[in-house]
2 protein chains.
Amino acid sequence: MARSRSALLTTPAVPAPSFRDQILQGHCVSQMEMLPAGSVDVIFADPPYNLQLAGDLHRPDQSKVDAVDDAWDQFESFQAYDAFTRAWLLAARRVLKPNGTIWVIGSYHNIFRVGASMQDLGYWILNDVVWRKTNPMPNFRGRRFQNAHETLIWASRDSGAKGYTFNYDSLKAANDDVQMRSDWLFPICTGGERLKDEEGQKLHPTQKPEALLARILLASTKPGDTVLDPFFGTGTTGAVARRLGRHFVGIERDVDYIEAAERRIAAVEPLGAESLEIFGGKRAEPRVPFASLLEAGLIEPGTRLTDAGRRHVAHVRADGTVAVAGEAASIHRVGAKVQGLSACNGWTFWHVEAEGELRPIDELRRLVRERMAQRPA
Amino acid sequence: MARSRSALLTTPAVPAPSFRDQILQGHCVSQMEMLPAGSVDVIFADPPYNLQLAGDLHRPDQSKVDAVDDAWDQFESFQAYDAFTRAWLLAARRVLKPNGTIWVIGSYHNIFRVGASMQDLGYWILNDVVWRKTNPMPNFRGRRFQNAHETLIWASRDSGAKGYTFNYDSLKAANDDVQMRSDWLFPICTGGERLKDEEGQKLHPTQKPEALLARILLASTKPGDTVLDPFFGTGTTGAVARRLGRHFVGIERDVDYIEAAERRIAAVEPLGAESLEIFGGKRAEPRVPFASLLEAGLIEPGTRLTDAGRRHVAHVRADGTVAVAGEAASIHRVGAKVQGLSACNGWTFWHVEAEGELRPIDELRRLVRERMAQRPA
DNA sequence: CGACGGACTGAATCGTAGA
DNA sequence: GTCTACGATTCAGTCCGTC
């Protein structure tokens with residue numbers, strides 16, 4: 001039975017679904033089954049890794065490595081782990097919106113089984129992403145490569161899913177104007193960020209860094225979206241979601257973790273709306289019909305358009321089409337036609353002569369947009 | 001029926017097995033079944049990735065991407081691909097010595113299925129290794145992260161396998177005396193290394209870089225060992241094995257690929273005993289996304305940035321862009337815009353106020369680089 | 001001779017709003 | 001649900017021709 005925990009954000013203007021910004025106590029599958037279908041935008045899942053550690057591991061100085069040996073990471077067999085994996089992935093898929101996406105993190109112990117199950121259940125992988133650790137634990141025995149990364153799988157609910165959120169332009173702008181790659185570099189969660197108990201022992205064995213969650217949420221959600229974390233632990237997802245103006249739903253079995261997560265999330269200061277706007281690039285600009293340039297008097301019917309190399313010439317007609325050799329169509333179609341291509345961006349292809357210089361008609365479109373911004377339609 | 005190809009190395013002192021240093025023509029499973037059980041030290045496998053590409057893809061300049069659409073990469077379903085995968089993995093396991101290891105390379109399209117099958121068949125994963133590409137193909141439509149890596153799985157034949165070869169000390173010595181990590185950085189195979197036909201077209205669509213194979217063989221084999229490649233293609237594994245004084249066995253269906261591989265391998269000059277590290281050289285300083293400063297907590301969303309003369313002010317947003325008068329873009333674009341220039345280095349232009357002093361954000365970038373100091377090369 | 005610019009290329013699961 | 005038109009989208013190279 002679910003125990004509804006205290007809401008952590010103030011009441012929004014529109015009545016919010018009752019499950020938002022709460023931590024549900026219980027098993028991830030049964031709790032997800034109680035959530036409405038198609039109700040969350042993004043899922044982040046950090047499931048048990050099924051580490052299968054045989055004996056204790058000691059450092060060269062004979063100190064014992066504090067391994068992940070919790071009960072929740074014990075499975076009888078690969079088969080049992082697969083059954084668990086399919087069960088929660090299936091329940092998660094029901095809760096996800098049709099255009100929602102899911103992130104799952106794992107290591108080589110489990111990620112291959114998880115990825116295969118995701119494909120089997122109909123999820124469509126968009127990327128695998130590598131979290132490269134700046135400060136991974138060394139391999140103390142010297143028998144393998146230093147295990148310096150973990151793997152994330154980013155997938156949409158269905159193979160044909162359209163319209164999932166990917167903030168391509170803001171990621172690119174934040175990355176020196178080159179597109180964000182599939183390999184990310186972050187330190188592991190240590191220091192003040194790592195939650196500790198009264199004796200200074202780490203509260204959770206696999207707490208993830210907030211920077212990792214921030215990258216994920218900034219890439220694949222918009223402010224106001226809801227992110228579900230079915231393995232909530234000590235609430236990294238909730239803390240980052242709250243700071244970034246996203247809603248969260250957490251599911252966690254362990255009451256101690258839930259209490260730590262609630263304290264942690266309540267202490268988070270949400271950022272203001274002005275800091276949360278997402279840079280959308282050209283895609284986010286309002287669409288301007290070419291005809292608007294004529295209506296605004298920026299271009300006269302009969303004007304000659306040429307490409308940058310003055311190889312092609314077209315004439316503007318009063319109806320907002322352009323003509324080459326008597327054949328008229330949109331600026332895009334005609335631009336494609338004269339180049340023998342299947343597509344063309346007429347805004348950047350065509351130019352007008354102004355004071356002896358060629359200027360792309362895209363400049364005129366920008367003028368129209370600026371005027372529109374001052375006088376919204 | 002196998003067609004035994006010409007031996008490529010001179011006769012060693014001890015009579016060598018007849019299958020060594022040859023390319024066997026035929027299907028990988030039937031050919032492996034004809035090899036003696038427990039006869040090879042290492043297997044390197046670069047199986048079809050099952051890319052499942054739907055339509056054509058064009059670059060922004062409208063040129064068409066030359067996709068991998070070969071018949072050998074077409075499978076009816078995941079089920080068919082899994083059956084193929086299990087068959088060759090099973091045959092490979094029989095040929096492997098009890099203390100041998102196997103490497104398999106793949107992308108997110110297939111590697112999860114391959115990894116799960118390996119675990120199901122009894123292989124024991126030692127590491128997954130990420131090949132980070134210095135120069136991957138971009139994501140032309142801006143709909144996903146740039147797919148900038150491929151994944152390798154390194155596994156022993158059995159879970160309890162003892163005594164597999166791992167040249168820990170030489171790898172560490174070759175890596176500035178720190179352990180070799182699980183993320184490797186190499187360029188893709190281009191230029192003079194890429195085999196071309198008479199018309200200058202690439203001979204094989206997925207030729208792997210020799211540096212990658214050299215790292216693999218130097219890590220997990222000893223001179224004189226035998227490495228089997230059941231998807232030999234144009235023989236990168238054979239060429240590198242011969243140069244490094246290892247024996248090879250290649251299996252390939254396509255006669256044209258075999259002939260190209262034979263010519264290639266015959267031209268290889270075997271080295272002496274000295275080690276070979278191809279891409280260990282200097283790297284440019286790692287690119288640091290501006291977003292990393294936020295992720296590291298060195299800059300808060302909402303922070304004011306100014307230029308050295310305090311003429312311009314910009315506000316940092318959570319997505320890693322900066323805004324002036326409501327218009328947001330990268331630190332570089334906004335820096336250029338406020339100055340009326342076409343370009344600007346935002347790292348040196350923008351400053352933050354700290355204890356009454358202005359400090360360029362480049363100083364914060366240097367801090368991030370210091371924290372992230374590591375040697376993934 | 002070198003410098004520079006333009007063309008070309010690589011394992012790729014690469015639209016969407018509005019009618 | 002389908003159909004149509006809009007119009008957005010690339011990084012690190014190598015190679016070759018021109019200046």
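To find a chain, count down the sequence lines: A is the first, B the second, and so on, and within it residues start at 1.
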Task: Check: dA11(C) base within 3.5 Å donor-acceptor of Lys133(B) side chain - done: no
Open item on the list: If you count heavy atoms of other groups shown closer than 6.0 angstrom to CD of Glu363(A), is the number above 12?
Closed with: yes
Open item on the list: Reading 5' to 3' and counting Watson-Crick or G-U wobble pairs with both distances under 3.5 Å, write the dot-bracket notation for DNA chain D, | for bases paired outside the strand.
Closed with: .|||||....|||||||||
Going by atom type alone, with no hydrogens or angles, which donor-acceptor pairs under 3.5 Å involve a side-chain atom of residues 73-83 of chain B and a protein atom two or more places apart or on another chain?
residue, atom, partner, partner atom, Å
Asp73(B), OD1, Tyr49(B), N, 3.0
Asp73(B), OD1, Asn50(B), N, 2.6
Asp73(B), OD2, Leu51(B), N, 3.0
Gln74(B), NE2, Asp70(B), O, 3.3
Ser77(B), OG, Gln79(B), N, 3.4
Ser77(B), OG, Ala80(B), N, 3.1
Tyr81(B), OH, Pro48(B), O, 2.6
Tyr81(B), OH, Asn110(B), ND2, 3.0
Asp82(B), OD1, Arg113(B), NE, 2.8
Asp82(B), OD2, Arg113(B), NE, 3.4
Asp82(B), OD2, Arg113(B), NH2, 2.9

TODO: Find the distance Arg143(B):CZ to dA8(D):C1' and express it as a whole number of Å.
DONE: 11 Å
Open item on the list: Please confirm whether the shortest side-chain N or O distance from Arg194(B) to OP1 or OP2 of dC15(D) is below 4.0 Å.
Closed with: no
Task: dA7(C) versus dA11(C) - spacing of their P atoms, nearest Å - done: 23 Å
Open item on the list: What is the distance, to the nearest angstrom, from the CG atom on Leu57(B) to the P atom on dG10(C)?
Closed with: 13 Å
- [ ] Please identify each residue that fulfils side chain to side chain donor-acceptor pair (under 3.5 Å) with Tyr123(A), with sequence neighbours left out.
- [x] none
- [ ] For dG1(D) versus dT16(C), give the span between their C1' atoms, rounded off to a whole number of Å.
- [x] 16 Å
TODO: Give Gly106(B) one of three labels, base, sugar-phosphate or nothing, depending on what nucleic acid heavy atoms sit under 4.0 Å from its own.
DONE: nothing
TODO: Before giving the answer on side-chain contact (heavy atoms from CB on, under 4.5 Å), spell out for Gln146(B) and Met180(A) the whole-Å C-alpha distance, their side-chain angles and the decisive distance to 0.1 Å.
DONE: CA-CA 6 Å; Gln146(B) 183 182 29; Met180(A) 189 68 79; over 6 Å; no
Open item on the list: For the aromatic rings, using the six-membered ring if either is Trp, is the centroid distance between Trp154(A) and Trp103(A) under 6.0 Å?
Closed with: yes
Open item on the list: I want to check one thing: is the phosphate of dG7(D), taken as OP1 and OP2, less than 4.0 Å away from some side-chain N or O of His332(A)?
Closed with: yes
- [ ] Please work out which of the three classes, parallel, tilted or perpendicular, describes the rings of Phe231(B) and Trp88(B), given edges at 30° and 60°.
- [x] perpendicular
TODO: Identify which nucleotide among dT16(C), dT9(D), dC11(D) has an atom closest to any side-chain atom of Gln179(A), counting heavy atoms from C-beta outward.
DONE: dC11(D)
Open item on the list: If you go through the side-chain atoms of Arg283(A), does one of them form a donor-acceptor pair with the base of dG7(D) closer than 3.5 Å?
Closed with: no
